[in-house]
Structures are given as C-alpha cells and as structure tokens.
Amino acid sequence: MIITAIMGSPHKGKGYKIVQGIEHELRMKGADEFNYIFLNETDLKLCTGCFSCFKNGENTCPLKDDRERIEDLILKSDGVILSSPGYVWNVSALMKNFLDRFAYSLHRPKFFNQKVLLVANGGSGVDDVLKSLSKTLGGSTIIGRFGIIATPWESTEKYNDQVQREIKKYADLLYDSIVTKRNKSISLENLIWFSIFKKMSSISKETLPKDYEYYSARNNYFYETRVNVIKSLLAGIIAEFGVLTMKRKIIFR
C-alpha cells in the first residue's frame, strides 16, 4: 500500500502534525510506503493560464518542472491525502496552484484507482477549504473530508482528544477503502459529467482536440464498466439541456 500526502502549507505546522498522525495510524495498520510532497519545496511553477493542457494535452504544458513526477507518484499511489490550511476562506496559494496545474484531469479524468482524503485546518473557513480541495484529481474517489479547527493559540485538552479520535477514524476510512477496493455504483452526477464533456468534445473538436480524442475512445463512461441504463438515459437528457445552455453563451470553433 502506497500513500502520498500533498502538503499545501508553506511551513510544517498543525496540518503537518495531523497528517503525521494519520501516517502513524496507517503504518500501524500495515501501510508499506508513505510519501510527502511539500509544495513549498517542490518545483511546481505558477500556472500561466495558457490553456495548452486543455487543448493539446498536459504533456504540452510549456512549464517544465515537477508536474509529471508528481502525477506519476499519484498514479502509483493507492491513497492520496490533500492537506491545506485555510487562508481567507480558501486553500493556500501553494495548493491553489496545484489545483490549477492538475485542472486538465477534470476534463480528462485519469485517477480512477486513487482514494483521496481531504484534510483542512484553520478557522471558520474550513468547509470552504474542503470544497476547494475536492475540485481536482479527476476520476479519484473522495473517501473523507477531515476539517480541524486549528488556531494560533492552544486548543483545549478535550478538543485535542477529539482530534486524535478523528485522526484514527479517517486513517481507518482511508485504509479500509483501499483494502476492500469497493467501488460505488456510478452516480448520476458522474454520468452527467461524462455526458456533458462527451457532447461538448464533439462540438468543440477544433478548439479542444485532446478532449475530442479522449471522449471519442469512450462510449458510456470514462472506463469500461456496467452502467445503469435508466441513469445513462437521464444523464444524456440532462446533458443535452446543459450543452444547449452553454452553446448560447459560448462560441465553439
């Protein structure tokens, strides 16, 4: 079992201690390898918004840095932990850049074998941080959203005990989800996602040729699996309306 934690804090603070606690629990249960990617120590240049990864594929990104290495490590991992502090009701700048650099995977999902645990620490904006963290690594399964109130001052002993129980709970969730390898039935939401992108790719084949290539090779879903016929039909109808709405606002070339 390989776990990779992607750390979005500019320093090793409370979020790091939380993830270390999860690491300890996972190793106690038998996890073989636990890797850390500290984004503040990683060569991951700022996204320039050139759109090349969407249009022509992620390998055409003009920024030559550690993105491919990070992707390879994630693909080799069974579990991924995304950890970020909350800064003004959002993820850190480091984590936001990570989300931007991997945004192509929301167009062309590839992380189907990865179970993801989201970890956020901060004040009143923790829920917003968790929401932002969920918008990446297309195809992955989010198994838990772990939010911790972590302030610059000391927490009560009672709250610290509660956090320790939560650490064990989420470590167990991540471990069990990997060991059992249970995949939930394909949700209507994901079928709509697939249907919309497939329809959009056929309309915008010149604008987004890489998307067209990706979806042309797929019929009913992102990968070969049994799909509920009724859900699939309903997703197709909803997608038709969704794409019609988009066409009124966007010129597809």
Side-chain angles (χ1 to χ4, degrees), residues 2-20 22-23 34-77 79-112 114-142 144-148 150 193 197 208 210-211 214:
I2 301 173
I3 310 294
T4 296
I6 299 168
M7 310 298 294
S9 176
H11 65 277
K12 294 178 181 177
K14 292 190 176 181
Y16 178 50
K17 290 180 181 177
I18 295 296
V19 176
Q20 280 186 309
I22 295 171
E23 176 191 2
F34 199 102
N35 305 299
Y36 284 93
I37 296 175
F38 296 99
L39 294 177
N40 65 323
E41 300 173 1
T42 302
D43 181 20
L44 193 64
K45 296 179 175 64
L46 286 175
C47 178
T48 63
C50 71
F51 214 63
S52 183
C53 64
F54 287 101
K55 183 177 181 180
N56 300 312
E58 55 271 28
N59 294 332
T60 67
C61 176
L63 304 176
K64 303 307 175 186
D65 52 21
D66 289 338
R67 186 205 57 82
E68 286 188 34
R69 180 184 67 83
I70 294 171
E71 181 184 291
D72 288 343
L73 185 53
I74 292 172
L75 287 170
K76 290 174 184 175
S77 300
V80 177
I81 299 172
L82 296 178
S83 171
S84 177
Y87 292 161
V88 196
W89 291 278
N90 212 324
V91 295
S92 68
L94 288 163
M95 182 57 76
K96 180 59 172 69
N97 186 54
F98 172 86
L99 304 183
D100 293 341
R101 293 294 306 278
F102 281 82
Y104 59 84
S105 71
L106 298 177
H107 269 235
R108 301 181 298 278
K110 64 168 63 181
F111 300 102
F112 298 108
Q114 284 63 49
K115 308 297 184 183
V116 177
L117 172 62
L118 310 179
V119 179
N121 60 282
S124 59
V126 163
D127 288 342
D128 297 287
V129 177
L130 291 170
K131 184 177 180 180
S132 291
L133 284 174
S134 69
K135 302 295 192 295
T136 190
L137 302 185
S140 63
T141 302
I142 297 173
R145 292 169 167 82
F146 184 11
I148 312 102
W193 176 12
F197 271 95
L208 297 170
K210 198 64 178 179
D211 279 12
Y214 177 93

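We number each residue from 1, following the sequence as shown.
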Q: Can you label the angle between the Tyr36 ring and the Phe34 ring as parallel, tilted or perpendicular, going by 30° and 60°?
A: tilted
**Q.** Backbone of Asn35 reached by a side-chain donor or acceptor of Thr4 within 3.5 Å
**A.** no
Q: Using a 4.5 Å cut-off on heavy atoms from C-beta on, say whether the side chain of Val119 contacts that of Ile148.
A: yes
Q. Quick one: does Leu133's side chain get under 4.5 Å of Ser84's, heavy atoms only?
A. yes
Q. Of all residues at least two apart in sequence or in a different chain, which pass the ring pair (Phe, Tyr, Trp, His ring centres under 6.0 Å) check with Phe51?
A. Phe54
**Q.** Closest non-hydrogen atom pair, Leu73 against Ser77
**A.** O-OG, 2.7 Å
Q. By side chain to side chain donor-acceptor pair (under 3.5 Å), which residues pair with Asp65, not counting sequence neighbours?
A. Arg101
Q: Measure the shortest side-chain to side-chain distance between Leu82 and Phe98 over non-hydrogen atoms and say whether it is less than 4.5 angstrom.
A: yes
**Q.** Side chain Asp211, main chain His107, donor-acceptor under 3.5 Å
**A.** no
Q: Give a yes or no on whether the backbone of Asp43 and the side-chain of Asp66 come within a donor-acceptor separation of less than 3.5 Å.
A: yes
Q: For the pair Lys110 (side chain) and Gly138 (backbone), establish whether a donor and an acceptor sit closer than 3.5 Å, ignoring hydrogens and angles.
A: no
Q) Distance-only, no hydrogens or angles: does the Ser92 side chain make a donor-acceptor pair with backbone N or O of Gly8 under 3.5 Å? A) yes
Q: Say whether, by atom type as modelled, one donor and one acceptor occur between the side chain of Tyr214 and the main chain of Pro109 under 3.5 angstrom.
A: yes
Q | Heavy-atom pair of closest approach, residues Val129 and Gly86 | A | CG2-CA, 3.4 Å
Q. Hey, what do you get for CD1 (Ile74) to CZ (Arg69), rounding to the nearest 0.5 Å?
A. 10.0 Å
Q | Salt bridge flag under 4.0 Å for residues Asp100 and Lys96 | A | yes
Q: Please tell me if the side chains of Phe111 and Glu71 come closer than 4.5 Å, counting only heavy atoms from C-beta onward.
A: yes
Q | CG on Asn40 to CE on Met95, rounded to 0.5 Å | A | 11.0 Å
Q) Is a side-chain donor or acceptor of Asn90 paired with a backbone partner of Asp128 at a separation under 3.5 angstrom? A) no
Q) Would the number of heavy atoms belonging to other residues, nucleotides or ligands and lying under 6.0 Å from NZ of Lys45 be above 12? A) yes
Q. Lys14 and Ala150: which non-hydrogen atoms are nearest, and at how many Å?
A. CD-CB, 3.7 Å
Q: State whether Glu58 and Lys210 are salt-bridged, where the test is any N-O pair (Lys NZ or Arg NE/NH1/NH2 against Asp/Glu carboxylate O) under 4.0 Å.
A: no
Q. Any idea which heavy atoms bring Ser132 and Leu99 closest together, and the distance?
A. O-CD1, 3.5 Å
(Q) For the NZ atom on Lys76, are there more than 12 heavy atoms of other groups (residues, nucleotides or ligands in this structure) within a distance under 6.0 Å? (A) no
Q) Got a donor-acceptor contact below 3.5 angstrom from the Glu68 side chain to the Asn59 backbone? A) no
(Q) How long is the straight-line distance from CZ of Phe38 back to NE2 of His11, given to the nearest 0.5 Å? (A) 12.0 Å
Q. About how many Å separate CH2 of Trp89 and NZ of Lys131, when rounded to the nearest 0.5 Å?
A. 15.5 Å
Q.
Rounded at 0.5 Å granularity, tell me how far OG1 in Thr42 sits from CD1 in Ile70.
A. 5.5 Å
**Q.** Heavy-atom side-chain contact between Val19 and Met7 under 4.5 Å
**A.** yes
Q: Rounded to the nearest 0.5 Å, what's the gap from SG on Cys47 to CZ on Phe102? Could you check?
A: 11.5 Å
Q: Provide the closest heavy-atom pair for Arg145 versus Leu117 in the form atom of the first, atom of the second, distance.
A: N-CD1, 4.5 Å
Q: List the atom of Ser52, the atom of Thr60, and the distance in Å for their closest heavy-atom pair.
A: OG-OG1, 2.7 Å
